[in-house]
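Remember, it's 1-based here, ligands and their atoms both numbered in the order they're listed. Residue indices begin at 1 and follow the sequence shown.
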Amino acid sequence: MHNTNSDASDEHRQVLKKLSGHLRNIIEQSIVLNAPDKVITDINKQLATIETIMQPYVTDKRALEYYNPNVRGDLNDIQPYSAVSGHYNALAAPIKFEQQQDKLIGRVKYGRAYEGPPNCVHGAIIAGVYDQLMAIAGMATGKAGPTAYLNIDYHKPTPLFEALEFQAWISLERDNKIIVKGQCLVQGEVVTSSEALFIVKALLNK
Ligand SMILES: CCCCCCCC(=O)SCCNC(=O)CCNC(=O)[C@H](O)C(C)(C)COP(=O)(O)OP(=O)(O)OC[C@H]1O[C@@H](n2cnc3c(N)ncnc32)[C@H](O)[C@@H]1OP(=O)(O)O
């Protein structure tokens with residue numbers, strides 16, 4: 001279940017990614033759907049059919065890596081199914097990670113499915129982005145481990161539908177501890193900032 005390798009072809013990865021894209025769009029549309037009962041009943045029937053088509057292929061093993069510590073290229077593929085950043089998990093918004101010098105950047109726009117305060121991103125979603133982004137920043141040092149604490153200062157509301165730039169960088173590395181700092185910018189303005197402590201240890205019991 002927690003495989004660190006996969007023999008999935010590029011084609012297989014592409015069709016799986018497309019599936020998550022469709023599901024993500026359906027989730028977003030469902031939040032603001034104002035259709036007649038008859039239309040929704042029809043949609044429900046079609047979704048039930050899709051569930052039936054998928055069921056025989058549902059196994060206890062993921063098609064792709066649960067965790068890929070040796071990923072090259074797309075940093076989102078370190079955890080392809082991450083609930084926060086996995087491009088193969090429809091629950092995750094399409095956030096894009098990218099290393100820029102000593103900073104790990106996460107760019108994303110959130111829609112209605114992620115709303116907390118009116119027209120703003122839910123604080124728990126923001127916390128999730130920091131946890132994942134900062135964990136990956138720590139992994140880039142070759143040392144990884146669980147989050148011991150994650151502190152967030154919410155300076156200003158974080159708007160929906162706007163380009164958000166999350167940044168994370170290593171602040172301190174000592175023995176088995178990594179402290180990572182982060183901030184999120186909207187049009188150049190810091191709206192939230194954070195600090196997390198990660199304790200270095202094996203994440204997986206193989
Ligand atoms: C495969 C990729 C997955 C990536 C997932 C993204 C990251 C996550 O979401 S992880 C999920 C959230 N985190 C968790 O569930 C962790 C749950 N907590 C734990 O497992 C443990 O408490 C753990 C591992 C953090 C620390 O326990 P343990 O390994 O026994 O360490 P412990 O000996 O208590 O502490 C080690 C050091 O850290 C310090 N420390 C531990 N916790 C804290 C804290 N909250 N604040 C400050 N210092 C702390 C200790 O004081 C100690 O310091 P020193 O070495 O100087 O004496």
Side-chain angles (χ1 to χ4, degrees), residues 1-8 12-13 16-17 20 24 27 59-100 102-108 110 113-114 116 121-154 158 164-184 191-206:
M1 193 62 176
H2 299 111
N3 39 321
T4 54
N5 51 48
S6 157
D7 55 9
H12 194 55
R13 287 172 193 268
L16 280 174
K17 197 183 270 191
S20 298
R24 202 174 281 120
I27 291 171
T59 68
D60 64 354
K61 186 176 182 294
R62 292 173 170 89
L64 308 183
E65 307 83 0
Y66 159 76
Y67 174 54
N68 182 359
N70 303 314
V71 77
R72 286 190 177 78
D74 191 344
L75 285 174
N76 290 72
D77 287 347
I78 288 180
Q79 276 193 279
Y81 296 109
S82 162
V84 177
S85 60
H87 287 169
Y88 300 84
N89 185 339
L91 294 180
I95 187 167
K96 181 84 186 102
F97 291 154
E98 174 194 338
Q99 188 73 43
Q100 275 186 5
D102 59 343
K103 280 191 178 139
L104 182 63
I105 310 291
R107 295 181 210 283
V108 64
Y110 283 104
Y114 305 92
V121 184
H122 197 296
I125 298 292
I126 293 164
V129 175
Y130 276 124
D131 194 23
Q132 183 74 59
L133 183 78
M134 293 165 116
I136 291 178
M139 286 173 200
T141 65
K143 298 175 176 177
T147 323
Y149 72 68
L150 171 63
N151 294 336
I152 299 171
D153 290 316
Y154 295 92
T158 301
L164 310 180
E165 182 178 309
F166 286 86
Q167 305 177 339
W169 61 94
I170 309 289
S171 162
L172 182 140
E173 255 184 274
R174 201 170 54 209
D175 305 325
N176 62 337
K177 291 183 194 171
I178 304 176
I179 293 181
V180 184
K181 295 208 174 191
Q183 60 183 12
C184 175
V191 290
T192 58
S193 56
S194 67
E195 180 184 293
L197 169 66
F198 296 91
I199 307 297
V200 180
K201 55 170 64 197
L203 283 164
L204 298 175
N205 299 316
K206 288 183 197 160

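Using a 3.5 Å distance cut-off with no hydrogens or angles, the side chains of Thr147 and Asp131 do pair a donor with an acceptor. Side-chain N/O atoms of Tyr81 and Glu65 include no donor and acceptor closer than 3.5 Å.
Some N or O of Lys177 is nearer than 3.5 Å to an N or O of ligand 1, by distance alone. Annotation: Tyr67 places no N or O atom under 3.5 Å from an N or O atom of ligand 1; distance criterion only.
Here Thr147 has heavy atoms under 4.0 Å from ligand 1 in both its backbone and its side chain. Using a 4.0 Å cut-off between heavy atoms, Gln132 makes no contact with ligand 1 at all. At a 4.0 Å heavy-atom cut-off, ligand 1 touches Ala148 through backbone and side chain alike. Heavy atoms of Ile78 found under 4.0 angstrom from ligand 1: none, in either backbone or side chain.
Ligand 1 is never approached by His2 to a heavy-atom distance shorter than 4.0 Å. Residue Lys201 places a heavy atom under 4.0 Å from ligand 1.
Between the Asn76 side chain and the Gly86 main chain, no donor and acceptor come within less than 3.5 Å of each other. In this structure, the side chain of Ser82 engages the main chain of Val84 through a donor-acceptor pair within 3.5 Å. Side chain of Arg174 to main chain of Ile179: no donor-acceptor pair is present (N/O by atom type, distance under 3.5 Å, no hydrogens or angles). Side-chain N or O atoms of Ser6 include one that pairs as donor or acceptor with a backbone N or O of Ala63 at under 3.5 Å.
Salt-bridge check for Lys96 with Glu165: failed, with every basic side-chain N at 4.0 Å or more from each acidic carboxylate O.
Shown in contact with Pro146 at under 4.0 Å from a heavy atom are these atoms of ligand 1, numbered in order with element: 10 (S), 16 (C), 24 (C). Atoms of ligand 1 lying under 4.0 Å from any heavy atom of Met139, numbered from 1 in the order shown and given with element: 2 (C), 4 (C). Atoms of ligand 1 lying under 4.0 Å from at least one heavy atom of Gln79, given by number and element, are 1 (C), 2 (C), 3 (C), 4 (C). Which parts of ligand 1 touch Leu197 is read off a 4.0 Å heavy-atom cut-off, strictly below it: atoms 40 (N), 43 (C), 47 (C), 48 (N), 49 (C).
Judged by a 6.0 Å distance limit and a 45° cone about the ring axis, Lys181 is not positioned over the six-membered ring of Trp169.
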